[in-house]
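The block underneath contains the structure these notes are about, expressed in structure tokens.
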Number of protein chains: 2
Amino acid sequence: MLLKLSSSSILGLLTWRPMSGYELKREIEGSLQNFWSESFGQLYPNLHMLNQAHLISGLPPDEATKRQKKVYQITDAGREALRGWIATDPASRPPRDELLLKLFFASEGGPDVVRDHSRHAREKALVKLRRYKAIREQIQSLNSHQERAKYWLMTLSLGISQTQNFIHWCDETLDEFTELGR
Amino acid sequence: MLLKLSSSSILGLLTWRPMSGYELKREIEGSLQNFWSESFGQLYPNLHMLNQAHLISGLPPDEATKRQKKVYQITDAGREALRGWIATDPASRPPRDELLLKLFFASEGGPDVVRDHSRHAREKALVKLRRYKAIREQIQSLNSHQERAKYWLMTLSLGISQTQNFIHWCDETLDEFTELGR
DNA sequence: CCGAGCATGTAACCTGTTACATGATTCG
DNA sequence: CGAATCATGTAACAGGTTACATGCTCGG
């Protein structure tokens, strides 16, 4: 069973607990935001496809809350497909970094452009870093016998160190190009 | 004049010297490979659009080599548009990192998957790092009165430190998850 | 009752890649 | 002369976002 890239996050999240499309979106924007995103326009069609492929199945609607919410759970075939997908070599998307492209050609704009961009990028990175650290606290505070925590912290630690390194680079760049501006 | 994202690299490169579509592609795969890419299917149509918008103009074909090569140069309006584009705040694309998504859900696959992926990623990062350093040598060895070099080295230094940091993280991860595998 | 958030879905659009078609030139 | 590379281009497709349409439910 071949698994589409845009379906993998769904299956992954459904290993946690059964969820609806809306809940999945919230979870993606919460837990996966740092390295993944998915739009409703992609999510709902994918949900239908996964259902048809029997990798997920719909739960019967809750009697108590007669909401029109559709809750899905992962099937055994789904878990199988997910495991297969996880094990295969990850493909890297063609690079497209707008900030770096602008900085690369920034000699056309002068040192001020570099200063402005790196200052702004630094601000955003700081926000990101604070968010990362808050998540880390959260994970560490929940029961440590959660086996998944180890894996989550591993990905987090990459995000934190990359962001810290980026901030450091912003500082250096800022130094170098504000001298030039004077 | 609003500049399309996929056209900006063309204008940027044409500030170096007049080039044909084919040469632009080569230059993108050479100098910009670490943060940018462009396919022919995008490049040639964009070239036509930029030409029609008078941001670039075709050079008369060389008499000596009667090749069917079409060489373009950037116009004043093109330089203007490029400067404007460089100065505007860069947008960041929605994140999509397949490796991190797999590692995040790797508790489904076990420690071996983590080990395999980080080992492989480390290999690729090492190759990248060597390439980065070779480029740095090259830039530093060309005449230092090239004003652009300062900008190029700035973007390079980010690439190098991010890659080094990534390799370091791979080592840590490898350590942690090979212990688990035993 | 009304607005915010819950909830599902679709159609139009944009961007970008892949695969293909075509032909010239250079070098061994 | 044949293969590799130079060189330009297009059509089909895949992937993804945005904007819209629709309606429910809960709290104030």
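Side chains are part of it too, since the values below use all heavy atoms of this structure and drop only hydrogens, waters and symmetry mates.
- The shortest distance between the side-chain N/O atoms of Ser20(A) and the OP1/OP2 oxygens of dT8(C) is below 4.0 Å.
- Salt bridge status for Glu137(B) with Lys133(B): absent, with no side-chain N to carboxylate O gap under 4.0 Å.
- Put simply, CZ on Arg26(B) is 12 Å from P on dT5(D), counting in whole angstrom units.
- Under a 4.0 Å N-O distance rule, the pair Lys25(B)/Glu29(B) qualifies as a salt bridge.
- Rounded to whole Å, the distance from CE on Met19(B) to C1' on dC6(D) is 16 Å.
- Whole-Å rounding puts the His48(B) NE2 to dA11(D) C1' distance at 14 Å.
- The phosphate of dA14(D) has neither OP1 nor OP2 within less than 4.0 Å of any side-chain N or O from Lys4(A).
- Regarding contacts with the backbone of dT25(C), every side-chain N or O of Lys69(B) stays at 4.0 angstrom or more from both OP1 and OP2.
- Rounded to whole Å, the distance from NZ on Lys70(A) to P on dT22(D) is 17 Å.
- Using cut-offs of 30° and 60° on the angle between ring planes, the pair Trp152(A) and Phe104(B) is parallel.
- Comparing Leu47(B) and Pro94(B) against DNA chain D, the residue whose closest nucleotide sits nearer the 5' end is Leu47(B).
- Distance from the side chain of Ser39(A) is smallest to dT17(D) among dT5(D), dT17(D), dT17(C).
- At the phosphate of dG16(D), OP1 or OP2 sits under 4.0 Å from a side-chain N or O atom of Ser6(A).
- Remark: Tyr44(A) is in phosphate contact with dT8(C), judged by side-chain N or O atoms under 4.0 Å from OP1 or OP2.
- Backbone-only contact: Arg96(A) has heavy atoms under 4.0 Å from sugar-phosphate atoms and none from a base.
- Rounded to whole Å, the distance from NZ on Lys25(B) to C1' on dG9(D) is 13 Å.
- Closest-nucleotide positions on DNA chain D for Glu23(B) and Ser37(A) were compared, and the one nearer the 5' end corresponds to Glu23(B).
- Nucleic acid contact for Gly21(A): sugar-phosphate only, since backbone atoms but no base atoms lie under 4.0 Å from a heavy atom of the residue.
- Within the structure, a side-chain polar atom (N or O) of Tyr22(A) is placed less than 4.0 Å from OP1 or OP2 of dC6(C).
- Summarising the geometry, atom OG belonging to Ser157(A) is positioned 6.5 Å from atom CH2 belonging to Trp169(B); distances are rounded to the nearest 0.5 Å.
- Note: OH (Tyr72(A)) to C1' (dG9(C)) measures 11 Å, nearest angstrom.
- A straight line from CG of Asn46(A) to P of dT8(C) spans 15 Å, rounded to a whole angstrom.
- Rounded to an integer number of Å, the gap from CD of Glu38(A) to C1' of dT17(D) is 11 Å.
- Distances were taken from every side-chain heavy atom of Gln42(A) (C-beta onward) to each of dG15(D), dA7(D), dC6(C); the shortest belongs to dG15(D).
- No side-chain donor from either of Gln42(B) and Ser39(B) sits under 3.5 Å from a side-chain acceptor of the other.
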